J.: 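Sharing a structure below in structure tokens format, with a few things to ask.
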Amino acid sequence: MKLDPTRAGAAKFGFEEIEASGDTAFHEIVTDIFRIGRDRDGNLVIRGDTKTSRRHASVQRKGLKFFIQDEGSSNGTKVNGDKIEGSYELKPGDTVVIGSHTFKFVKRT
């Protein structure tokens with residue numbers, strides 16, 4: 001039986017970010033297409049970072065798989081230190097760099 005990934009009690013997937021204060025922020029992926037960038041209409045809005053494009057990257061959810069792709073940003077998107085081209089399947093523990101921000105893709109249960 002396949003579980004809906006948004007069902008209550010199901011695992012949550014998203015990006016963990018260490019803030020300057022030392023606190024950890026968790027940005028849960030709650031839509032099938034999760035947009036990241038400076039655009040305030042995005043799902044994960046990155047403010048005050050000139051290295052981040054307005055529509056920098058997006059994550060597409062397909063069941064329990066998540067694929068990130070750069071949306072033509074000026075500085076590119078890196079996963080585990082490598083600049084990605086096309087769609088890249090994220091795995092828990094992957095490090096994603098967007099502009100000056102570093103995130104860890106995580107699964108929370």
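Counting from 1, the numbers follow the sequence of the chain as shown. In this text, all values refer to a predicted model and were calculated from it rather than measured experimentally.
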J.: State, yes or no, whether a side-chain contact exists between Phe13 and Leu90 at a heavy-atom distance under 4.5 Å.
T.: no

J.: Going by the side chain to side chain donor-acceptor pair (under 3.5 Å) test, which pairs reach into residues 29-38, not counting sequence neighbours?
T.: Asp32-Arg61

J.: My understanding is that only residues two or more places apart in sequence, or in another chain, count here; which of them pass salt bridge (charged side-chain N to carboxylate O under 4.0 Å, His left out) with Arg54?
T.: none

J.: Rounded to the nearest 0.5 Å, what's the gap from NZ on Lys12 to OG1 on Thr109? Could you check?
T.: 10.5 Å

J.: Could you walk me through whether Thr95 and Thr102 pass the side chain to side chain contact (heavy atoms under 4.5 Å, CB included) test, one step at a time?
T.: CA-CA 7 Å; Thr95 300; Thr102 302; 3.4 Å; yes

J.: Suppose clustering is done on Ile, Leu, Val, Met, Phe, Trp and Tyr with side-chain heavy atoms closer than 4.5 Å. Which residues sit in the same group as Val97?
T.: none

J.: Taking C-beta and beyond as the side chain, do Phe105 and Ile29 meet within less than 4.5 Å on heavy atoms?
T.: yes

J.: Could you list the residues that satisfy side chain to side chain contact (heavy atoms under 4.5 Å, CB included) with Asp23, not counting sequence neighbours?
T.: Glu19, Ser21

J.: Under a single-linkage definition using a 4.5 Å side-chain heavy-atom cutoff for Ile, Leu, Val, Met, Phe, Trp and Tyr, are Val45 and Val59 assigned to the same hydrophobic cluster?
T.: no

J.: Using links of under 4.5 Å between side-chain heavy atoms of ILVMFWY residues, direct or through other members, which residues join Val106 in one cluster?
T.: Phe26

J.: Looking at residues at least two apart in the chain, or sitting in another chain, which of them share a salt bridge (charged side-chain N to carboxylate O under 4.0 Å, His left out) with Asp49?
T.: none

J.: Quick one: CG on Asn80 to CG on Asp94, what's the gap to the nearest 0.5 Å?
T.: 4.0 Å

J.: On a heavy-atom basis, which atom in Ile98 and which in Ala57 lie closest, and how many Å separate them?
T.: CD1-CB, 4.2 Å

J.: If the condition is ring pair (Phe, Tyr, Trp, His ring centres under 6.0 Å), which residues does Phe34 pass it with, not counting sequence neighbours?
T.: none

J.: Under the salt bridge (Lys or Arg N to Asp or Glu O under 4.0 Å) rule, what pairs show up with a residue in residues 75-90, not counting sequence neighbours?
T.: Glu89-Lys91

J.: Could I get the full list of side-chain hydrogen bond (donor to acceptor under 3.5 Å, both in side chains) partners for Asn75, not counting sequence neighbours?
T.: none

J.: Working to the nearest 0.5 angstrom, can you tell me the gap between Lys51 NZ and His101 NE2?
T.: 10.5 Å

J.: Tell me, which pairs form a salt bridge (Lys or Arg N to Asp or Glu O under 4.0 Å) where one or both residues lie in residues 99-109, sequence neighbours left out?
T.: Glu16-Arg108

J.: Measuring from atom OG of Ser100 to atom CD1 of Ile46, what distance do you get when rounded to the nearest 0.5 angstrom?
T.: 9.0 Å

J.: Name the atoms and distances for all side-chain donor-acceptor pairs under 3.5 Å in residues 66-73, with sequence neighbours left out.
T.:
unit_1	atom_1	unit_2	atom_2	d
Gln69	NE2	Glu71	OE2	3.3
Asp70	OD1	Ser73	OG	2.6
Asp70	OD1	Thr77	N	3.3
Asp70	OD1	Thr77	OG1	2.7
Asp70	OD2	Gly72	N	2.9
Asp70	OD2	Ser73	N	2.9
Asp70	OD2	Ser73	OG	3.2
Glu71	OE2	Ser58	OG	2.5
Ser73	OG	His56	NE2	3.3
Ser73	OG	Gly76	N	2.9

